[in-house]
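Worksheet: one structure, shown below.
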Amino acid sequence: MNSKAETKSISVKFDLPHPPVKVWRALTEPELLAEWLMATDMRALVGNSFTFKAEPTPWWDGVVHCEVLEVDPPKRLRYTWRSGPESSGLDTVVTWTLTPTPSGGTRLALEHFGFLPTNAFAFDGARKGWQRMAGERLREVLARAA
């Protein structure tokens, strides 16, 4: 991977009214992830390889290959994110940081880094996608989840 100085990052924060343990479940349990992000076979264990799968589009095969890099429940989760053909795929890293708030909720910080300047299309798609998925759909799932 190129140095961070040569790459672009997405950094967003979401204030959620749910406790970190509940948000953690939505970030790590395959059934809940499928409701707001994509179908997955994720297991939150360092070194575990997994995929996210969505409906393919004309410009994307719908598969994201990942590997868990860090697990610190319910505080931090980090994994690689490879999307696109094996030979030209984009390797990036997603980091979720959960911080309890005084009201009993969670400040959820997302950093998705490693976008090369030549991958402007992927960067823009990911930026919009995270806003929709984590900013809207995750909230809906958390509101329904027990």
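Predicted, not measured: the structure shown is a model, and the values here were computed from it.
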- Between Glu6 and Pro117, which heavy-atom pair has the shortest distance, and what is it? O-CD, 3.1 Å
- With rounding to the nearest 0.5 Å, note down the distance linking CG in Leu27 to CG in Leu33. 7.0 Å
- How far apart are the C-alpha atoms of Arg139 and Leu16, what are their side-chain angles, what is the distance that settles it, and do they pass the side-chain contact (heavy atoms from CB on, under 4.5 Å) test? CA-CA 7 Å; Arg139 289 176 190 278; Leu16 304 169; 3.5 Å; yes
- Check: Thr92 side chain, Trp81 main-chain N or O, donor-acceptor pair, under 3.5 Å: yes
- Query: Hey, are the side chains of Trp24 and Val71 touching, using non-hydrogen atoms and a 4.5 Å cut-off?
  - Reply: yes
- Item | Taking every non-hydrogen atom, the tightest pair across His18 and Val23 | O-CG2, 3.9 Å
- Would you say Lys8's side chain and Asn119's backbone share a donor-acceptor pair under 3.5 angstrom? no
- Query: Do Trp36 and Leu142 touch side chain to side chain, with heavy atoms closer than 4.5 Å?
  - Reply: no
- Item | Interatomic spacing from CG in Leu77 to CD in Glu70 - rounded to 0.5 Å | 8.5 Å
- Message: Give me the atom names and distance for the closest heavy-atom approach of Leu98 to Pro74.
- Response: CB-O, 3.3 Å
- May I ask you to decide if the ring planes of Phe115 and His112 are parallel, tilted or perpendicular, using 30° and 60° as cut-offs? tilted
- Item | Inter-residue atom distance Glu29.CD - Arg43.CZ, 0.5 Å rounding | 14.5 Å
- Task: With rounding to the nearest 0.5 Å, note down the distance linking CZ in Arg144 to CG in Leu32.
- Result: 9.5 Å
- Message: Return the CG to NZ distance between Asp41 and Lys53, rounded to the nearest 0.5 Å.
- Response: 7.0 Å
- Ring centres of Trp96 and Trp130 under 6.0 Å apart? yes
- Query: Can you name the nearest heavy-atom pair linking Met42 to Asn48, along with the distance?
  - Reply: C-ND2, 4.2 Å
- Task: Return the minimal non-hydrogen interatomic distance between Pro19 and Thr106, and the atom names on each side.
- Result: C-OG1, 3.1 Å
- Query: Can you name the one residue among Thr51, Asp91, Thr80 that meets side chain to side chain contact (heavy atoms under 4.5 Å, CB included) with His65?
  - Reply: Thr51
- Dump the intermediate steps for side-chain hydrogen bond (donor to acceptor under 3.5 Å, both in side chains) on Thr101 and Ser103, then the final yes or no. CA-CA 5 Å; Thr101 62; Ser103 65; 3.2 Å; yes
- Note on the structure: CE (Met133) and CE (Met38) are apart, to the nearest 0.5 Å, by 6.5 Å
- Message: With a 4.5 Å cut-off on side-chain heavy-atom distances among I, L, V, M, F, W and Y, is there a chain of contacts connecting Leu108 to Val21?
- Response: no
- What pair of heavy atoms forms the shortest contact from Thr28 to Ala44, and how long is it? CG2-CB, 3.9 Å
- Message: Determine whether a donor-acceptor pair (N or O, by modelled atom type, separation under 3.5 Å) exists between the side chain of Lys13 and the backbone of Arg107.
- Response: no
- Are Val63 and Trp60 connected in the hydrophobic side-chain network, where two residues link if heavy atoms are under 4.5 Å apart? no
- Query: Is Trp59 reachable from Phe123 through a run of I, L, V, M, F, W or Y residues, each pair having side-chain heavy atoms under 4.5 Å apart?
  - Reply: yes
- Query: Does the Arg137 side chain pair with the main chain of Arg132, one donor and one acceptor, at a distance under 3.5 Å?
  - Reply: no
